[in-house]
Amino acid sequence: MLISLNWLRDYLDLPPQLDPRALAERFTRVTAEVDGVHPIEVQARGLIAARVARLSPIDARTNSVTLDVGGGKTVETVSIAADLHPGTQVVFAPIGSHVAALGDIRTAKVAGRTSSGLILPGEALGIEKAFQEAIFLGSEFKPGDLLPADLFDDVIIEVDNKSITHRPDLWGHYGVAREVAAIVRTALKPFPVVPVAELGKNGQSQIPIDIADASACHRYSGLLLEGVPTQPAPLWMQLRLGHVGQRPISGLVDLTNYIMLDLGQPMHAFDAAKVDRIEVDWAKEGEKFATLDGVTRTLASNELMIKCRGKSVALAGVMGGLETEVTESTTSLLLESANFDPATVRRTAKKLGLRSEASARFEKSLDPAHTVLGIQRFIHLARSMYPRLKITSRLSDAYPSPHRPVTVAVKTRHVARALGRPMGADEARRLLQPLGYEVTEDAASWTVHVPSFRATGDCSIEDDIIEELARCSGYDAIAAAMPHVTVRHFPPNPTHRLEHGALQYFTTAHPFCEVFDYIWYDSNWLRQLGIEPGECLELINLAAEGMHRLRKSLMPGMFSALAKNRFHFPSVALVEVGSVFKHRRPDDQEFRHLGLILADHRKRTEDALLQRLKDAITGWTCQQFGCSAVFAEIKPDPGRLWEHPQRTAGVVIQGIDSGRMSVVDVALRRRIDEHLGSWSVAWAELRLSALEELVRRPEPLASLPPHPLVEMDFSILVPKTTRFAELAGHLRELQTPLLRQVRYITSYEGESIGRDRRSLTFRFVLGHEERTLGDSDIASFQDLVVSFVRGRGYELRTG
Amino acid sequence: MDLHQLRERIAQIESEVAASLTKAGSGDAVRGLDNRVLGKEGSLSALITSIKEYPPDQRGQVGKLVNEAKARVKASFEARLAELRAADAQAEASAAGAFDATLPGVAAPMGAVHPVTAVQWEVERLFERLGFTLEAGPEMESEYNNFEALNIPASHPARDMQDTFWLTNGMVLRTHTSPVQHRSMKKFGPPLRVIAPGRCFRYETIDASHENTFHQIEGLLIDRDIGLPHLIALAKMLLTEVMQREVELRVRPGYFPFVEPGLEIDMNCRICGGKGCPTCKNSGWVEVLPAGMVHPNVLRAGSIDPDEWSGFAFGLGLTRLAMMKYGIRDIRVLNSGDLRATVSPVRLGGPIVWEKSA
């Protein structure tokens with residue numbers, strides 16, 4: 001919303017040397033955010049009104065124009081302005097005049113002609129959006145009249161629209177002026193209107209208005225007028241509209257736009273020859289309707305229409321119809337000033353892509369009192385513009401269920417609670433009255449009467465009044481203080497504990513770097529990888545083409561991060577904690593996953609990387625759950641290309657199936673990035689959500705043994721096809737009274753033990769409660785291990 | 001062996017010891033020699049075992065001779081050991097000039113959390129110290145939790161302000177962390193102190209300063225007699241601690257349907273020092289903390305009586321804060337996975353010897 005300082009000055013006295021930036025800052029702190037302050041400095045000198053006397057075309061766009069500049073003198077100029085006709089008046093910059101955008105005006109050669117002065121385009125006058133090559137003048141000036149220089153300069157304050165969505169009153173200058181008057185503590189002048197009594201005479205007829213659904217149209221006011229010629233609006237009005245970004249169009253349109261920006265009330269005019277009664281009703285399903293912009297639209301039955309004798313003439317609150325548009329031949333107007341249901345207007349405007357200044361205002365819940373006030377204002381302004389204006393009907397005003405005045409009970413205790421200090425009724429009154437509120441007081445509470453322009457939703461409860469008091473007395477004035485609170489025990493949140501612990505561990509005990517990726521798959525990326533993710537939970541509105549599927553795994557996204565980093569680092573370790581989604585009827589589910597990637601630029605180090613991942617995961621489970629992870633043989637999922645056919649393992653934590661790990665095969669590595677073909681890549685994906693309920697096992701400490709323990713390491717040679725788990729299972733059977741513990745130490749593969757074998761080293765801890773072990777104990781245990789190992793077809797590695 | 005021969009034998013051993021001792025270049029060699037001469041079966045010790053071969057009147061003399069010799073040899077060993085220790089010390093000392101005290105340490109490869117996580121943890125720790133509990137909520141939320149429970153009914157224009165990602169199952173990707181307010185009220189009831197970090201999603205176009213996927217941290221405090229002074233005090237403390245500087249606040253009205261009064265809390269821009277720059281949109285202030293007093297409808301939706309209890313809430317933009325704190329100019333790098341932009345260069349490789357200043 002652009003606010004003209006000149007416009008505000010109509011309604012309150014501001015010091016001439018006011019610093020607009022300081023005012024904007026105070027407005028930001030008390031009312032709504034100001035996005036910018038834009039001075040318009042035209043520095044006009046010597047601009048005059050001139051009348052087109054003759055036109056002779058030079059080419060398709062350009063005319064040589066003879067202008068009557070008063071006193072019987074004419075000048076020749078060249079212009080590309082459209083719509084120039086003999087008799088039209090324009091803003092003219094004669095030789096010797098000045099505007100900031102063009103400097104001093106001198107004689108110039110244009111298209112081979114001498115141009116003595118310039119028909120000024122809107123742009124040179126600070127009307128940036130006009131794209132008009134001329135500003136047309138009405139009959140208020142005669143040729144040769146000097147145009148008042150002070151009309152051209154202004155300061156525009158740009159208010160952030162998002163910060164006033166809840167304030168319908170601030171969508172017009174008068175409402176903003178009220179707010180500014182309260183801020184600078186000056187009086188707000190009355191809004192200049194004609195009395196309602198002057199809207200038509202007794203005995204005149206009324207336009208019949210029929211509202212079918214009072215919940216969709218709260219109020220509809222109309223008046224018939226004659227004597228509104230199609231001449232331009234006064235220069236001051238055109239300039240003000242131009243300064244706040246509204247292109248001047250024609251006298252009537254400018255006037256309705258002016259009232260919209262003045263009071264916030266949109267208005268519409270029908271050609272009264274075509275619309276002589278009003279019916280507000282729903283559209284017929286599939287009905288076709290041509291709007292003012294020349295487009296024919298197909299409507300649904302939830303579109304609210306203005307109709308005349310069953311025929312649609314306007315999309316209520318959104319746009320008028322082409323057929324009933326006011327044209328040059330219109331002699332009689334039907335002026336519409338109505339109040340529509342915000343949700344209805346919003347739905348239609350959004351659906352048809354017809355967001356207009358009018359619909360934007362209706363969406364904010366306008367004050368129904370403004371329908372009539374808008375007409376009163378219209379007549380006030382139109383009378384000064386059009387001396388032949390005639391009101392040819394009585395005011396029609398359909399207001400089926402008038403809004404009740406809103407009063408709010410405010411407990412002084414609650415005011416004191418919010419502000420941190422008690423506030424008296426006098427102070428409240430001093431703060432609220434300038435904004436239109438009335439306050440009456442009881443012992444412990446006040447009754448606040450809300451003005452109608454704040455009562456359409458924005459201000460209905462005690463807390464709304466407290467906000468008014470807080471912002472108007474100034475947030476800066478509030479003395480910060482720490483609260484007095486109740487100490488309370490909250491059980492720790494398992495999700496947080498788990499995720500925080502995991503991230504902390506993997507980024508400090510190991511060199512994993514955390515990355516974030518989007519939670520949707522990128523179809524292009526999946527295609528490149530050759531991944532078909534199957535059924536996914538999907539988005540209706542997408543961030544970008546192909547990003548409709550929510551991820552089921554962190555891996556595809558992490559591979560993309562890997563591809564980005566492989567060029568810059570010889571090895572990459574990534575961790576991500578994030579949500580994945582399962583499409584599962586009836587209820588889709590969200591899970592938290594932890595992803596790990598270890599990649600190294602050396603080929604064929606997969607197994608070592610996988611082992612490092614196992615080491616890291618085990619370190620984490622020891623820390624977080626007080627136990628080691630167990631790795632299980634599982635079948636790779638063919639739908640998950642990143643699971644290697646021979647090198648995929650399941651991760652089991654305290655008996656819970658907690659995730660999977662594998663290495664990426666060369667084909668997929670190449671598709672991730674051609675250069676990764678010569679790398680090794682291992683990954684793990686853990687289902688954190690499955691582990692939330694796991695309690696950390698207590699880790700009782702061992703008491704010191706009364707007699708020394710003996711540790712003996714044995715390396716057992718097994719065929720490569722024998723699994724650790726199998727051997728470990730056997731070792732659990734090895735029970736002798738002396739054996740206290742068996743630990744896994746390491747595994748070894750190498751030429752020295754034969755290609756098809758693996759050596760697994762275990763540490764056996766022996767001890768006795770009552771005596772120190774002797775040589776014979778050890779020798780007999782050794783024999784036991786030897787026969788045990790041989791008995792199961794394995795061999796002990798020696799040397 | 002008579003006494004004379006004994007004396008000669010002792011002299012011979014002593015001269016052999018002296019010769020060997022000069023050759024002994026280490027403490028171990030000296031101790032070996034010690035063992036061979038003075039040990040149980042050492043050459044000098046052996047002489048005393050033959051004491052019984054002497055007439056009784058000479059035995060005292062023999063003992064004296066041998067013991068005196070042992071003492072002399074022992075002393076020569078000690079002396080030699082002392083010499084060797086001195087030589088060792090001197091050898092080490094001579095390398096002192098070559099020692100470079102300034103050679104840097106090279107850290108073992110280390111990881112790093114994402115800058116947003118780093119800031120998140122800072123904020124979490126801070127609020128945990130104040131007795132707030134950490135809560136979490138899902139990224140896929142019901143329309144009710146994301147909107148209705150927060151006083152944003154279906155026709156409310158605010159639903160456009162937070163353009164929403166909709167899922168085919170009728171759920172939404174949460175547009176803010178505020179649904180956790182409602183969840184926490186339902187879970188715990190009053191009084192309440194909650195902090196809830198998380199990822200949020202808005203359907204908007206991405207550019208250098210806008211993301212459709214970003215992090216917030218929600219704060220909620222509900223107790224008796226909570227008011228604006230408390231919210232402002234906590235905001236000040238929060239921003240001062242995270243930014244590690246004295247921040248100036250600008251508190252102004254802001255409109256969010258789930259708070260009343262609603263506030264925008266800005267902090268002074270450090271990049272331009274308040275003069276105006278692109279980061280602060282030339283205003284000198286950066287919007288970091290939308291906040292306000294919890295709307296009574298939100299309290300009621302959480303089964304809390306607004307007459308008895310009051311509270312404040314805020315939704316700190318973690319992503320924005322991380323950008324301010326770490327000087328990240330382009331928001332897009334945060335979700336890019338590019339470690340060069342999200343991990344401190346200090347952690348990526350050896351110590352930096354020289355770097356072009358920014």
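These numbers come from the heavy atoms of this one structure, side chains and all, not from hydrogens, waters or symmetry mates. Residue numbers start from 1 in every chain, and the chains themselves are labelled A, B, ... in the order their sequence lines are given, proteins ahead of strands. No experiment lies behind these values; they were computed from the predicted model shown.
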Taking side chain as everything from C-beta outward and backbone as N, CA, C, O, which of these in A/H500 sits under 4.5 Å from a heavy atom of chain B? Side chain, backbone, both or neither. both
Hey, which of A/V515, A/T31, A/N565, A/T495 has the most heavy atom pairs under 4.5 Å with chain B? A/N565
Counting only non-hydrogen atoms closer than 4.5 Å, does A/L469 touch chain B with its backbone (N, CA, C, O), its side chain (CB onward), both, or neither? neither
Quick one: which of B/T213, B/V113, B/I206, B/T342 has the most heavy-atom pairs under 4.5 Å with chain A, could you say? B/V113
Tell me, out of A/L539, A/I540, A/N541, who's got the most heavy-atom pairs with chain B below 4.5 Å. A/N541
Could you check if a side-chain atom of B/P115 sits within less than 4.5 angstrom of a side-chain atom of A/F516, using non-hydrogen atoms only? no
Would you say B/Q120 and B/H215 are linked by a side-chain donor-acceptor pair, where the criterion is simply a distance under 3.5 Å? no
Return the option, out of B/M293, B/R193, B/R224, with the maximum number of heavy-atom pairs under 4.5 Å with chain A. B/R193
With salt bridge (Lys or Arg N to Asp or Glu O under 4.0 Å) as the test, would you mind laying out the steps for A/E363 and A/K350 before giving the verdict? CA-CA 11 Å; A/E363 286 178 18; A/K350 204 172 174 184; over 6 Å; no
Among A/E25, A/R497, A/R347, who wins on heavy-atom pairs under 4.5 Å with chain B? A/E25
Which one, B/N169, B/L130, B/T205, leads in non-hydrogen pairs under 4.5 Å with chain A? B/N169
Do you know which of B/P229, B/A235, B/P190 has the most heavy-atom pairs under 4.5 Å to chain A? B/P229
Chain B heavy atoms under 4.5 Å from A/R167: which part of the residue, side chain, backbone, both or neither? neither
Would you tell me whether A/H414 and B/D307 have side-chain atoms, one donor and one acceptor, within less than 3.5 Å of each other? yes
If you tally heavy-atom pairs under 4.5 Å against chain B, which of A/R417, A/E467, A/E590 wins? A/R417
Pick from B/L234, B/T117, B/L348, B/V343: which one has the most heavy-atom pairs with chain A under 4.5 Å? B/T117
With only heavy atoms counted, which part of A/V575 is less than 4.5 Å from chain B, the side chain, the backbone, both or neither? neither
Centres of the A/F490 and B/F127 rings: under 6.0 Å? no
Can you tell which part of A/I461 gets under 4.5 Å to a heavy atom of chain B, answering side chain, backbone, both or neither? side chain
Considering only heavy atoms from C-beta outward, does the side chain of A/V159 approach that of A/F27 to under 4.5 Å? yes
Okay, A/F569 and chain B: the region with an atom under 4.5 Å from a heavy atom over there is side chain
One pair to check against salt bridge (Lys or Arg N to Asp or Glu O under 4.0 Å): A/K162 and B/E287. What are the steps and the verdict? CA-CA 14 Å; A/K162 281 187 177 176; B/E287 205 173 289; over 6 Å; no
Can you tell which part of A/A543 gets under 4.5 Å to a heavy atom of chain B, answering side chain, backbone, both or neither? both
Just give me the residue among A/R21, A/M482, A/Q589 that pairs up with chain B most often, heavy atom to heavy atom, under 4.5 Å. A/M482
Given a strict heavy-atom distance threshold of 4.5 Å, which part of A/P492 is in contact with chain B: side chain, backbone, both, or neither? neither
Please check this pair: side chain of B/H230 against backbone of B/G227, looking for a donor-acceptor N/O pair closer than 3.5 Å. yes
Can you tell which of A/H548, A/K564, A/E538 has the highest number of heavy-atom pairs within less than 4.5 Å of chain B? A/E538
After noting the C-alpha distance and the side-chain angles of A/R592 and A/E692, does the key distance pass the salt bridge (Lys or Arg N to Asp or Glu O under 4.0 Å) rule? CA-CA 10 Å; A/R592 301 292 287 172; A/E692 276 182 9; over 6 Å; no
Just give me the residue among B/G337, B/A112, B/A233 that pairs up with chain A most often, heavy atom to heavy atom, under 4.5 Å. B/A112
Of the backbone (N, CA, C, O) and the side chain (C-beta and beyond), which part of A/L574 lies under 4.5 Å from a heavy atom of chain B, both, or neither? side chain
Let me know if A/E33 has heavy atoms under 4.5 Å from chain B in its side chain, its backbone, both or neither. both
